[in-house]
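A quick write-up on the structure given underneath.
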Protein chains: 2
Amino acid sequence: MKLSNYLPILDWGRTYRGETLANDLIAAVIVTIMLIPQSLAYALLAGLPPQVGLYASILPLVAYAIFGTSRTLAVGPVAVLSLMTAAAAGNIAAQGSEEYIAAAMLLAFLSGIFLMALGLLRLGFLANFLSHPVVSGFITASGILIAASQVKHLLGIPAGGHNLYEMVVQIAEKIGELNMPTMAIGVSSLVFLFWVRSGLKPLLMQLGMKEKAAGMVSRGGPVIAVVTGILAVSFLHLDTQGVRIVGKIPSGLPTLGVPAFDLHLWEQLIGSAILISIIGFVESVSVAQTLAAKRRQRIDPDQELVALGAASLASGVSGGYPVTGGFARSAVNFDAGAETPAAGAFTAVGIALAALYLTPLLHNLPQAVLAATIVVAVLSLVDFKILRRTWAYSKRDFAAMAGTILVTLLAGVELGVTTGVVLSLFLHLYITSKPHFAIVGQVPGTHHFRNVNRYGVVVPEHIVTIRIDESLYFANARFLEDMVYTILGNRPDMKHLILMCPAVNHIDASGLESLEAINARLKDAGVKLHLSEVKGPVTDRLKRTHFLQDLTGNLYLDQFDAISDLDVDCAKAAVEKSGKLTEPGSVPCPSVTIAGVRETGR
Amino acid sequence: MKLSNYLPILDWGRTYRGETLANDLIAAVIVTIMLIPQSLAYALLAGLPPQVGLYASILPLVAYAIFGTSRTLAVGPVAVLSLMTAAAAGNIAAQGSEEYIAAAMLLAFLSGIFLMALGLLRLGFLANFLSHPVVSGFITASGILIAASQVKHLLGIPAGGHNLYEMVVQIAEKIGELNMPTMAIGVSSLVFLFWVRSGLKPLLMQLGMKEKAAGMVSRGGPVIAVVTGILAVSFLHLDTQGVRIVGKIPSGLPTLGVPAFDLHLWEQLIGSAILISIIGFVESVSVAQTLAAKRRQRIDPDQELVALGAASLASGVSGGYPVTGGFARSAVNFDAGAETPAAGAFTAVGIALAALYLTPLLHNLPQAVLAATIVVAVLSLVDFKILRRTWAYSKRDFAAMAGTILVTLLAGVELGVTTGVVLSLFLHLYITSKPHFAIVGQVPGTHHFRNVNRYGVVVPEHIVTIRIDESLYFANARFLEDMVYTILGNRPDMKHLILMCPAVNHIDASGLESLEAINARLKDAGVKLHLSEVKGPVTDRLKRTHFLQDLTGNLYLDQFDAISDLDVDCAKAAVEKSGKLTEPGSVPCPSVTIAGVRETGR
């Protein structure tokens, strides 16, 4: 419980030196330049005035610098959260209204409180309920949705739509209304930005620039597009020809203020705020972990919750909207050589200066250029290959992913991610509710026991050994009973049943009750129940109950010991039949065929 | 896919003989006599007119006789479902109104459709999501709630209340208004019924009656109380002194009819219908399994869903309300010697005759007597010992149980059971999200590998073996990465990491992605990742991906093989140090201490 666990700035701040300062400052300048157009674009995507994007890139960065455990993560507005904000705030009020802006700020505020609470309660594990397939599916579907939502800006069509189907239909209907100058700007920006992404870096390197510098410059593509767009509008007066521009952005810093408490509004937004928090956290942590791994640093997910919560809270009280750690900006920060979170704080100063002095220059920026930067950014999120890979590996995970993508595209982001979580949980419980089990026998001459259906093994008469390959808990307790009773019905000669439990990691109260019921029923049927290879922690827990006293048979540490011990009976029976005395266990008992037992497919 | 799987009547009907008929008829007569007061009482509990209880005991019994797989289960109204019906219908309309009765019928109808659909889709496993602790807690809390709700009838107080707190407060406030004759009847019935339960059977046996007959007669206690109550009211005209009586019950059979389709009403009731279905199914199946076990019969849970669905549907179209298999009546049926579901059909005939000809005789039946039979019946459901047993075994299961009880008592049945399900799922995911793992070493001179913290074991230098005791899936994928990276940070000398997987029953796509990330990160750090003792089915699945090709190390069937193989390196290193050549693996490498690794508490 060290204070520096909660305030990582105390750790890295102590060893801060001049050289580190220089590196952080350089990185901050580069990130600031890149962040300005990005912040405006994401505010546009969220349906908010452009200055809100800038405000969301000032105080949140300072908050993360104080509380964050990643040295290089850059927080701020990101594409997916902007889309989610638009969906949530759109339920409250019309885009552009005062209520809409207030709802977006409140989302950031609530999300900040929620994340900080999770972090302080060390409940970061909750984010694990989002499985990888659900997150990948959601990000891909969001990328498609975002790109589709920008088509109208690229072409200058007055279309709308809340899901992919509506967007496509409306664009198709209104394609005749497209604005040629807008389309010219939009499409040329798009082509330029795609080329910059793949073609500029090799070109610069051919021209003799070093790889790192070439990489940095090619990240600056959006800045070039923005400047060109502003110049084009200013000199050609394209705004009079129907090209929509950003327009007047108020200069100055955001005013601080806590959102008014309105219970009804809070209730309406809290669900969305929770979804935004979790998606933002998962995205940010995976970025932070990727970057930390490259420099052998570590991040603390619980403290990240606190830091991201502080950042969102800061955004909510300073005119911003929900923020998190973004991939693109963090990668630029990392490549630019940022060494500590101080780089983030310096970036905040840069953005604040931009908000104070730069906004008049952005007046003539065409929205189509911002739309193009969004499309290029989000299309890198779209990954269809993962669908094929997941299909090959697991049909169930594929189902969760495909369900998430479809529902996100057709019914929106909130329902999409909820569907994904529910599907993941459901499928997990479904698999574990019908666990794999095998009737096993001894591989002759060894201490190994294997599935009778897969190996040539010896099974003593009157003894059935079932290896159960799952923890026993409520979802499969009834299955266990059913399975044992079926075997009991099919094996009237059975005298001993051994449950072999090397893969049983837990037995919960439901599992215990099923074991008790099985023990009682087998007792009525004159069959003894034994357990073998039960793990230490599981045995410790069973010892707290009467079960081990009530057990008709024994608890064996080793399956071989169990068979050797019970074989005495079996050997005796063999002796009685043959009339000759043999050493117990020295001859394998006659192997019997086991049939009629329903077994899962592996 | 045999037809008799869906129509078990074809199975037992074929071998039906005269002797079976006689036994079934005797059982039917006994059950009919017992069912009449019980049906009236539960209708009262559900806030419905008394005849609804009778109607719910006619067609549903015929439907179960056709489709049911239990030979002795008796379906009809039960206490817990009556309480749940009152809660759900009470949200729609005032008790006693036409809309209230229609809502109760619709609940039966919807529940019937839901159960049949689950059964036909073979989705019975869904009922497993109710863990034993949640069901026990819910049944105990329901019993307390029901008993508390009857106190006003026992004392003749005009009190109400929707939860335990409200009931207690209202009874305390209005205790002055109690009606003395009602209290006399209520309390004496209660005392009599409790005495019958425990004292009558021994007494009859002392008087020379056989145990079985004495048991049957003592089950008839409610009938004696009912007859006495009717006689008391009739001769003493107690109804003029404020004793509430059942009053006029319409004679005749129910009219058949399908509920009108009203989307809004269906939407309001479907959630309650699903909860009623699942609770009814779980209760009924556990009764049926208990009875089937006694005669070495088997029931088929999926077909039970169909049968209970058909019974509820039949109730919904014939003026009844939700039904299921009840414990008390099934036990009577069993003890009375019922051999086939035909006994249920004969009982239906008996109840139909009662509905036609007996209802005038029930006019003067005091409600206090019915309340007493309810209290005595439900108090047998209340089981506090299970709380202590569960506490001792598992604090988490106890938390789920206690949560269910508290929420049921204070916020009602529907929220109670929902809380229980959510708590169970949450706690299960919580446990598996922080799985047990151990760093293991070789027990000298054996092929066994054990926890370095529990046993004196040998660990080769540069090799760390982690045994992970849980399936790798989305809930713990991130935990696994964190754990490995922590060990990586603490063991700069590590050259090989072996993940030992004998208890890993599944690896889902999230788990696979974590393994890929771990493999890549360890590769960067110059550490090889190996897997050992991976189960066959898990290996089969991994082979469908690139993971095994990308793996920097090897896949070993046996941990001993892994150590023997990798020890070559280790032995070489030892040789270089000592300058002497030794056979690889013949000398154990120097044991090293492993510290600083966070390990769960077992």
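First the proteins, then the strands, lettered A, B, ... as listed; each starts at 1.
For B/K543, no part lies under 4.5 angstrom from a heavy atom of chain A. Proximity to chain A is absent for every atom of B/F547, based on heavy atoms less than 4.5 angstrom apart. No part of A/D300 comes within reach of chain B, as not one of its non-hydrogen atoms sits under 4.5 angstrom from that chain. Contact annotation for B/T545: only side-chain heavy atoms (C-beta onward) come within less than 4.5 Å of a heavy atom of chain A. Proximity to chain A (any heavy atom under 4.5 Å) is restricted, for B/L512, to the side chain, taken from C-beta onward.
Side-chain atoms of A/S510 come within 3.5 Å of backbone atoms of B/H132 as a donor-acceptor pair (strictly under, hydrogens ignored). When atom types are taken as modelled, the side chain of A/D469 and the backbone of B/N505 share no donor-acceptor pair closer than 3.5 angstrom. Distance alone, capped at 3.5 Å, places no donor-acceptor pair between the A/S131 side chain and the B/F474 backbone.
Among A/I507, A/V285, A/V135, the residue making the largest number of heavy-atom pairs under 4.5 Å with chain B is A/I507. Ranked by heavy-atom pairs under 4.5 Å with chain A, the first of B/P133, B/A520, B/S136 is B/P133. For the set A/V504, A/T390, A/L427, A/L425, the entry with the most heavy-atom pairs within less than 4.5 Å of chain B is A/L425. Ranked by heavy-atom pairs under 4.5 Å with chain B, the first of A/Y485, A/F426, A/Y430 is A/Y430.
Of all heavy-atom pairs between A/A509 and B/D397, the closest is N-OD2, 2.6 Å. Nearest heavy atom pair, residue B/S471 against residue A/E470, reads OG-OE2, 4.3 Å. For the pair A/L542 and B/Y393, the tightest heavy-atom approach, listed with the atom from each and the gap, is CD2-OH, 3.9 Å.
The neighbour count for A/L557 CG, taken as heavy atoms of other residues, nucleotides or ligands under 6.0 Å away, does not exceed 12. No more than 12 heavy atoms of other residues, nucleotides or ligands sit less than 6.0 Å from atom NZ of A/K385.
Taking NE2 of A/H506 as the start and CZ of B/R396 as the end, the distance is 8.0 Å to the nearest 0.5 Å.
A/H428 and B/Y473 have their aromatic ring centers within a separation under 6.0 angstrom.
Between B/S394 and A/R541 there is a side-chain heavy-atom pair separated by less than 4.5 Å.
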